[in-house]
Every structure is written in C-alpha cells, then in structure tokens.
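In what follows, a structure is listed as structure tokens, so that the remarks can point back to it.
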Amino acid sequence: MADRRPEEPEMSRAKRPRTDDPSQNPYLAHMYEAQDTSDYNGYNRSNGSGTKARTGLSDFKRHATTALQAHDAEDGPNNPFNNAPLSKQYFNILKTRRDLPVHKQRQEFLDMFHKSQILVFVGETGSGKTTQIPQFVLFDDLPHFSGKLVACTQPRRVAATSVAQRVANEMDVKLGDEVGYSIRFEDVSGPKTILKYMTDGMLLREAMHDHNLTRYSCIILDEAHERTLATDLLMGLLKEIALRRPDLKIVVMSATLDAQKFQRYFNDAPLLAVPGRTHPVEIFYTPEPERDYVEAALRTVLQIHATEPEGDILLFLTGEEEIEDACRKITLEADEMIREADAGPLKVYPLYGNLPPQQQQRIFEPAPPPTRPGGRPGRKVIVGTNVAETSLTIDGIVYVVDPGFSKQKVYNPRIRVESLLVSPISKASAQQRAGRAGRTRPGKCFRLYTEAAFKKELIEQTYPEILRSNLANTVLELKKLGVDDLVHFDLMDPPAPETLMRALEELNYLACLDDDGDLTALGKLASEFPLDPSLAVMLISSPEFYCSNEILSLTALLSVPQIFVRPASARKRADEMKALFAHPDGDHLTMLNVYHAFKGAEAQADPKRWCHEHFISLRALQSADNVRQQLKRIMEKSELDLVSTDFNDKDYYTNIRRALVAGFFMQVAKKDPSGKTYKTVKDDQSVLLHPSTVLGVDSEWVVYNEFVLTTKNYVRTVTAVRPEWLLDIAPTYYDLATFPKGEVRTALQRTLDKIKRKQAMKGGR
DNA sequence: GAGCACTGC
C-alpha cells in the first residue's frame with residue numbers, strides 16, 4: 001500500500017461510491033425531499049400589500065395566532081415587542097430569515113403548537129430551527145403579557161451566547177434586553193427578557209430551586225439528540241412538570257435520526273419535520289478493513305491532495321498526541337509531493353479542545369494560494385477530534401476522512417472508574433461527520449472501513465452520557481430536584497441498576513443520603529455546589545479542619561484542566577519548574593503552592609509571563625480563580641466559615657491533608673508489601689502512582705484524585721495520608737468489623753491497636 | 001516514566 005503512486009486514481013476503482021438506489025441512501029436524502037412550493041393560504045405574499053402599521057401585539061390572542069398575523073407584525077414599521085422603530089439592518093436580515101426552510105412551515109408549526117402541550121421538532125442543519133422556532137413561539141406564546149419567559153437550551157456555552165446574539169440582531173433588540181442568555185459565570189438577561197438562551201445545565205440548576213420552572217411559559221430543548229446528561233434529566237423532569245403545569249408548552253428539537261424515539265418517549269407527541277439545507281455527500285468505503293487507521297488516514301489525505309479537485313479536507317482522529325503526530329507526518333509528505341510531483345501547497349492545522357483559542361481560530365484561515373501563478377491550487381487540511389463533529393463548523397470543507405474512531409468516556413461500576421477509551425463511532429456520528437463535507441458544496445466522505453462494517457458493526461447511536469457515567473452527582477441532583485423514587489423516574493434510557501446502586505452507596509458513605517436514601521442536611525448543602533459530591537463534602541467539611549480557604553482554592557484547582565504544562569519540546573525544563581513548587585507530601589499541596597505563588601505580587605505583576613516561565617497554564621489558573629469566586633459565594637450564602645491555620649503553624653499542611661480525607665476517603669490506596677505497586681482499599685485494584693507525581697515512594701497510604709487507565713492503571717494527583725486519620729475521619733467506611741479481609745484490614749487493625757494502647761496509657765496515668 | 005475526546009453546573 002505504501003508504494004502507491006499519488007497520481008494513481010485508484011480511489012475511483014477501489015473505493016467505489018454506493019450505486020444502489022440513491023433515494024434510499026440516507027446521506028443523499030436531502031436531494032430527494034419533496035419540493036415544497038405551497039405558500040399555504042397565500043401566506044408568503046409580498047410585502048407592503050396594504051396592511052396597516054401595527055403597534056405591539058395587543059390584538060394577538062395567546063395560542064390562537066396565525067403565521068400571517070406574525071408576518072404582518074414582523075413587517076413593522078415598529079418593533080412588535082418594544083414599539084421602537086425598526087432598523088434597516090432588521091429588514092435586511094428579515095429577508096434572509098424568510099428564505100430559511102423552517103419559514104415555509106410556520107403555520108404548520110403553530111397548528112401543532114396550539115393543539116399539543118409537547119411537540120417534537122426535527123430539523124436538519126441549515127433549517128434555521130435554533131434561531132427561528134423560539135421567535136415563532138414568542139409571537140404566539142406572548143410571554144411578556146403573562147410576565148413569563150421562553151427558554152431555549154443548548155448543550156454548549158458558545159452556542160447559547162452566539163445564538164442569543166444572532167437572535168437579538170434578528171429581533172432588532174439589544175442583547176440582554178428582550179433577548180438574553182444565561183450560562184455559568186454569566187447572566188446577560190434582565191427584567192425585559194422574554195427569550196433566554198441557556199445551557200441545559202443552567203436550566204437544570206434553576207429547576208433545583210423551582211421544581212415547576214414557574215418562570216417559564218415555554219421550554220425549548222434544542223440539540224436533544226446529543227443526549228447530554230443535563231438534557232436527559234430535563235426531559236424526565238419536563239415530562240413530570242407537564243402533568244403539574246398544563247399551561248407549560250414544551251418543544252423538543254432534535255436531528256432526524258432518532259425522532260421517533262423522542263416522540264414515543266413523550267407519549268406520542270406530534271412531530272414536525274423540516275428539511276435542512278445541505279449539499280449531497282458521496283460516501284466511499286474501503287474494500288478491505290484497514291489494519292492501521294492512522295496510516296490509512298494519512299495515505300488517504302495525501303491521495304485526495306494529489307488527485308481530487310480543489311477543496312479543503314477534514315480528518316477525524318482521536319486525541320492530541322495522535323493529531324500532532326499526524327500533522328507532522330502530513331506536512332513532511334506534502335512537502336515531498338510539492339518538490340517531486342508539483343503538487344499544490346498544503347497547510348495542516350491541528351484542532352482539539354486543549355488547544356489555546358488563538359490557535360483554534362487559525363483553522364478558519366483560507367487555504368494557501370498556488371505557489372506560482374497558474375500552479376495547482378492550495379489546500380488546507382484540518383486534523384481534529386470530535387470538536388469538529390459538533391462544536392465547531394468549518395465552511396469550505398469538501399472532503400472528510402473518517403477512520404471511524406473516537407475517544408469515549410466509559411464507566412465501569414464494578415470498580416467505580418470512569419475512563420477514556422478509543423472506540424468505534426456510531427452510525428449517527430459517521431453521518432454527522434460525512435455531513436461536514438457538504439456545507440458549502442457537494443462533497444466526498446472517505447470512510448476507512450468497509451461498507452459491511454458500517455452496516456453490521458457500528459451501533460445506531462452513541463450511547464447517551466447517562467449510560468457511560470458515574471451517577472453519584474446525578475443521583476444527588478435528582479434528589480435535590482424532588483425526585484425521590486429514582487427507580488421509577490422515567491428516563492429515556494434508564495441506567496444499569498448496578499450503576500445506580502453504586503451511586504447511592506457512594507452518597508450514603510459521604511453522608512449525603514441517609515440509610516433510607518433520603519437527602520441529609522449535608523446532602524442538601526452539597527447539592528448547592530457545582531461540584532462532584534466528594535469535592536463538595538470535602539469543601540463543606542473543611543472549616544472543621546481550620547483550612548477552608550485553602551480547600552476552597554484546592555477544590556477550584558481540581559475542577560479545572562491540568563494546571564501544569566509539559567510541552568514535548570521542553571519536558572525537562574517543565575519538570576524543573578514544577579519541582580520549584582513541589583511539596584514532599586503530595587500533589588494536592590504542590591498545586592496549592594502554585595496557586596499561592598500565582599496570587600503573589602511577583603506573578604501578578606505579569607501573570608502571563610510568570611505562567612509561561614514556570615510552565616503553568618494561565619488559562620487553567622484564571623478559570624480556577626473564577627470557579628473559586630463562585631464557590632466562595634455559595635459558601636458565604638450557606639454560612640460556612642472561611643478560615644485558615646496560621647502558615648507557620650506545624651499543622652498548616654496536616655490540616656489540609658486531613659480535610660482531603662473527609663471527601664476522598666473512598667479514594668485511598670495502600671502500598672503493597674512488595675513496595676512497588678499500590679492497592680486501592682476495598683476494591684483491591686492494583687495501581688501505580690502516576691509518574692507525574694511529586695510524591696516519593698515512601699508513602700504507605702495515599703489519597704488520589706483520579707484513576708487514569710492507559711497502558712497501566714495509574715492514580716493521579718496523590719497525597720500522603722496517615723491510617724489513623726482514615727479511622728478517625730471516616731469511621732463508617734473504615735469499620736473493621738465489615739471491612740474485607742486482607743492486607744489493608746490487617747494494617748488498619750494494627751493502627752487501631754496502637755491508638756488503643758496509647759489511649760490506655762493516657763487513661764492509666 | 002508520563003495516554004486529557006468533549007461538554008456542563
């Protein structure tokens with residue numbers, strides 16, 4: 001395969017496009033959609049046909065309006081929602097809005113909206129659903145007359161903010177007035193707001209304090225097919241709220257594939273489908289399975305460059321290292337092709353979440369021009385992770401190379417470990433990837449697997465997040481949301497009973513749930529924090545250990561991405577810098593040292609430079625600062641004291657280590673007698689300390705923040721603790737009467753005996 | 001001796 005000459009047009013023979021009935025090809029479906037030319041009831045009539053100027057929407061009857069009425073009101077001259085004169089820009093945008101596919105079905109939408117409390121809306125990309133449907137709702141639901149709001153949820157912050165801005169422009173209002181958004185750390189909405197875009201997690205938070213979501217007259221769940229944890233929980237809640245609140249309207253918006261599943265779930269709610277506006281994408285498969293998907297991907301990219309007409313390439317790989325490696329290799333090979341075969345210039349861009357935003361933006365740079373006038377056209381290649389599948393859309397992509405893999409979170413309830421695994425993608429994902437080739441013009445998608453594999457081996461949909469996660473946090477949230485009977489809570493995909501049991505058990509040990517499974521006072525408090533239960537419990541307990549200021553900082557640091565930067569080109573220097581902050585008792589204390597140094601005068605004088613010099617991520621620290629502020633406000637509201645032990649006190653660090661145990665007593669490992677490996681307590685998993693640790697090998701007992709499953713089982717971010725603290729701080733979990741027999745129990749028993757002897761001596765004196 | 005896809009509160 002490696003000796004294949006680039007100019008050989010093999011692809012047309014080996015990777016044959018599908019030739020079976022094209023109308024059955026789901027990827028070409030949009031070519032065959034019924035040409036809808038009906039402008040029902042003359043609704044699409046031209047502008048200015050003698051309709052009088054209308055102010056406001058005073059003669060609109062709620063849930064009995066027509067598309068025509070809304071159309072007239074939109075034509076101005078004044079803004080129907082605030083009576084201000086409409087701008088020229090407004091009318092320009094209005095014209096383009098009326099060209100969107102959803103516009104044709106406005107009346108159809110309203111008819112269904114009137115008849116049904118819950119409505120499922122399916123719209124492919126380019127249909128305009130995210131921007132238009134909420135506006136259609138506004139003109140009929142008239143939330144401002146009842147003092148309520150229409151909410152539209154998004155899985156991601158960027159989507160919530162950018163769509164809100166766009167819709168504010170479309171409605172000719174200032175962002176934050178009639179149209180606003182609400183995301184973590186930022187609420188741009190006010191008393192005038194009638195349409196609020198928000199993250200699904202944010203609406204879930206609101207539901208915790210208002211179980212009926214009474215502020216809202218209509219809730220639109222967008223991108224429901226993504227099945228985020230928050231969306232799944234919201235769907236379950238909304239199903240219940242709908243019964244308690246007949247006045248609440250619910251619209252669930254999704255991509256086509258699983259529409260019927262949503263319909264069924266919502267008691268056979270009516271469904272409205274709107275075609276998208278994309279170009280056909282031709283799909284090619286490999287005739288034989290590929291052994292090495294990275295190698296095959298590189299080969300395919302280079303072959304496209306050599307043989308296919310102008311157009312940019314998007315290649316999907318699984319992770320940062322793989323991507324950087326592939327970028328290097330493609331660049332090298334392309335340079336050779338340019339030298340030896342007069343190929344056009346090729347620019348390669350990596351794209352993954354960890355990339356600084358500035359570098360992420362570079363993918364939008366135009367493809368390079370020909371090296372000389374009249375030469376072969378240039379091309380850009382983007383090598384990206386799944387971010388390119390959902391979060392980011394890049395126009396101009398004509399070729400997609402899809403090896404069929406992505407890293408996915410998996411949860412093993414038996415050993416209570418979440419990990420990332422390179423796994424085959426789903427059919428839905430493959431379709432989404434292919435669709436990226438048809439945004440600006442007809443494109444091609446090269447799948448590096450056989451057609452038979454696609455049909456038989458790929459699952460239909462990626463498993464929803466709720467089936468792949470530790471549910472401790474979810475269960476706590478549900479309890480706080482007033483869902484007492486978890487087993488009968490109607491989720492679209494109920495998680496495995498074992499996963500639920502594990503979560504309940506974990507929360508019971510953390511004393512967030514009592515033995516009846518009811519929320520305790522501690523549990524209620526913990527649910528107020530946007531944190532995992534163990535972190536929340538550690539934070540809430542920290543005043544008892546005289547170090548809540550420090551644990552507050554540490555909790556924030558543990559909730560953001562890795563603060564230590566270690567570029568491949570300067571590993572040694574980075575390690576030397578990290579050593580400056582190292583605390584002999586562990587990584588938690590080391591992180592705290594970094595934070596304190598960062599907040600010191602020298603670093604604050606020029607934080608960017610200081611971080612760069614010390615191989616610290618400024619972004620991570622700034623975001624930790626943000627999180628810290630938010631957590632601090634919640635602590636103050638909950639009347640939790642902010643205290644510190646004097647830095648010169650010998651117990652300063654000891655107190656912090658003891659507080660760690662209060663939340664992480666279930667994440668403790670003990671060194672094996674062999675002295676090399678560790679065993680997790682209770683689960684008896686063999687683990688190694690992650691090589692990034694500052695901890696020496698002489699620590700008998702450690703708490704760890706996370707499990708990392710790669711080639712070996714590692715525990716990362718570890719700090720030394722003493723066994724007597726475990727017995728003292730978490731007596732229920734470390735109850736030796738019920739503790740599994742083994743080395744760990746024997747060691748704990750010895751510790752207990754020692755404590756008893758000491759006490760006896762004291763008492764005997 | 002180094003393995004964090006992505007999102008969210």
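Naming convention: chains lettered A, B, ... in sequence-line order (proteins, then strands); numbering from 1 in each chain.
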Candidate nucleotides dC9(B), dC4(B), dG3(B), ranked by approach to the side chain of Ile183(A) - the nearest: dC9(B)

Nearest to the Arg156(A) side chain among dC4(B), dT7(B), dA5(B), which nucleotide is it? dT7(B)

Assign Tyr714(A) to base, sugar-phosphate, or nothing according to its heavy-atom contacts below 4.0 angstrom with the strands shown. sugar-phosphate

State yes or no: are the ring centers of Phe564(A) and Phe615(A) separated by less than 6.0 Å? no

With Arg166(A), which residues qualify under salt bridge (charged side-chain N to carboxylate O under 4.0 Å, His left out), at least two apart? Glu170(A)

Residue mapping more 5' on DNA chain B - nearest nucleotide basis, Glu477(A) or Leu420(A): Leu420(A)

Measuring from the side chain of Asn473(A) (C-beta onward, heavy atoms only), which nucleotide among dA5(B), dG8(B), dT7(B) has the closest atom? dG8(B)

Sugar-phosphate only, base, or nothing, as touched by Arg716(A) at under 4.0 Å among non-hydrogen atoms: base

Please tell me if Arg571(A) has a side-chain N or O lying less than 4.0 Å from either OP1 or OP2 of dG1(B). no

OP1 or OP2 of dC9(B) sitting under 4.0 Å from any side-chain N/O of Thr199(A)? yes

Measure CD/Gln408(A) against P/dC4(B) and give the value in whole Å, please. 15 Å

So if I take every side-chain heavy atom of Glu465(A) and compare against dG3(B), dA5(B), dT7(B), which nucleotide ends up nearest? dT7(B)

Please tell me if Arg184(A) has a side-chain N or O lying less than 4.0 Å from either OP1 or OP2 of dT7(B). no

If each of Gly319(A) and Gln630(A) is mapped to the nucleotide of DNA chain B with the nearest heavy atom, which maps nearer the 5' terminus, i.e. the 5' end? Gly319(A)

Show every donor-acceptor pair shorter than 3.5 Å between a side-chain atom in residues 573-582 of chain A and any protein atom, with sequence neighbours excluded, or say none if there are none.
{"from": "Asp575(A)", "atom 1": "OD1", "to": "Arg566(A)", "atom 2": "NE", "distance (Å)": "2.8"}
{"from": "Asp575(A)", "atom 1": "OD2", "to": "Arg566(A)", "atom 2": "NH2", "distance (Å)": "3.0"}
{"from": "Lys578(A)", "atom 1": "NZ", "to": "Ser692(A)", "atom 2": "O", "distance (Å)": "2.8"}

Could you check Lys196(A), Gln154(A), Glu186(A) and say which one makes a side chain to side chain donor-acceptor pair (under 3.5 Å) with Tyr181(A)? Glu186(A)

Side chain of Glu320(A): nearest nucleotide among dA5(B), dC9(B), dC4(B)? dA5(B)

Which nucleotide in the set dA5(B), dG8(B), dC4(B) lies at the smallest distance from any side-chain heavy atom of Thr385(A)? dA5(B)

